[in-house]
Amino acid sequence: MNDVSDMSGKTCLITGGAGSIGMASAKLLRSKGAQLALVDLNREALENATIAAFGAVPDDVLLIEADVSLEDDAKRYVRETVDRFGAISTLFSNAGNFGTVAPIADYPTDIFDQVYKVHVRGAFLAAKHATPHMVAGGSIIITSSVAGLRGDP
């Protein structure tokens, strides 16, 4: 029986790769043997986080700048991942942005739209374009906000 913690030869695609959750996940998955495609809106932040985590950008880590809320960008980051590593074993849709804290009656609609585009549309586009390139039995993980676990006025 294979060790379930062995990710050797598996490709993991992580959006929000420059953030703390994305990079912590990248470090863990790579320590288990996975090759990684890390996606983030800001290329410089992605490079800096990767270098801080690994000392350099390793050959088994692909960095991709993309806006997860744009369909063409989602198609591109999936294509670049598959072109470099082959089929995707794990999709971790982790990109997120912070809106604002305000009562719903005062919440700015434009801020709501920006958060929705990244959290909901971005996760949908990631799954839509990655699933045709995933191995049988692959995994999709979508990060959710702590706001879903508590209520605020």
Check this for me: D83, atom CG, are more than 12 non-hydrogen atoms of other residues, nucleotides or ligands nearer than 6.0 Å?
yes
Out of curiosity, does L29 fall in the hydrophobic cluster containing L13 (side-chain heavy atoms, cut-off under 4.5 Å, transitive links)?
no
Expected output: side-chain Y107 to main-chain V101 donor-acceptor under 3.5 Å:
no
Is any side-chain heavy atom of I88 less than 4.5 Å from a side-chain heavy atom of V78?
yes
What residues form a side chain to side chain donor-acceptor pair (under 3.5 Å) with S8, not counting sequence neighbours?
D6
Any donor-acceptor pair under 3.5 Å from T15 side chain to A95 backbone
yes
Should L36 and D60 count as side-chain neighbours, where that means a heavy-atom distance under 4.5 Å?
no
Determine, for E80 against R84, whether the closest basic-nitrogen to carboxylate-oxygen distance falls under 4.0 angstrom.
no
Test your reading of the model: is there a side-chain donor-acceptor pair from D67 to the backbone of L41, 3.5 Å cut-off?
no
Gap separating the CG atom of D73 from the NE2 atom of H129, nearest 0.5 angstrom:
10.5 Å
Report yes or no: do Y77 and M134 belong to one cluster of Ile/Leu/Val/Met/Phe/Trp/Tyr joined by side chain heavy-atom distances under 4.5 Å?
yes
Has the side chain of H133 got a donor or acceptor atom that lies under 3.5 Å from a matching backbone atom of R79?
no
What closest approach, in Å, do S69 and L125 show between heavy atoms, and which atom pair accounts for it?
O-CD1, 3.6 Å
Got more than 12 heavy atoms from elsewhere within 6.0 Å of OH, Y116?
no
Separation between NZ of K10 and NZ of K32, rounded to the nearest 0.5 Å
12.5 Å
For the side chain of R76 and the backbone of E71, is there at least one donor-acceptor N/O pair under 3.5 Å apart?
no
Distance col, row D40:CG vs L46:CG, nearest 0.5 angstrom, shows 5.5 Å
Tell me if a side-chain donor or acceptor on N97 pairs with a main-chain N or O of Q114 at a distance below 3.5 Å.
yes
Roughly how far, to the nearest 0.5 Å, is OG of S25 from CD1 of I141?
7.5 Å
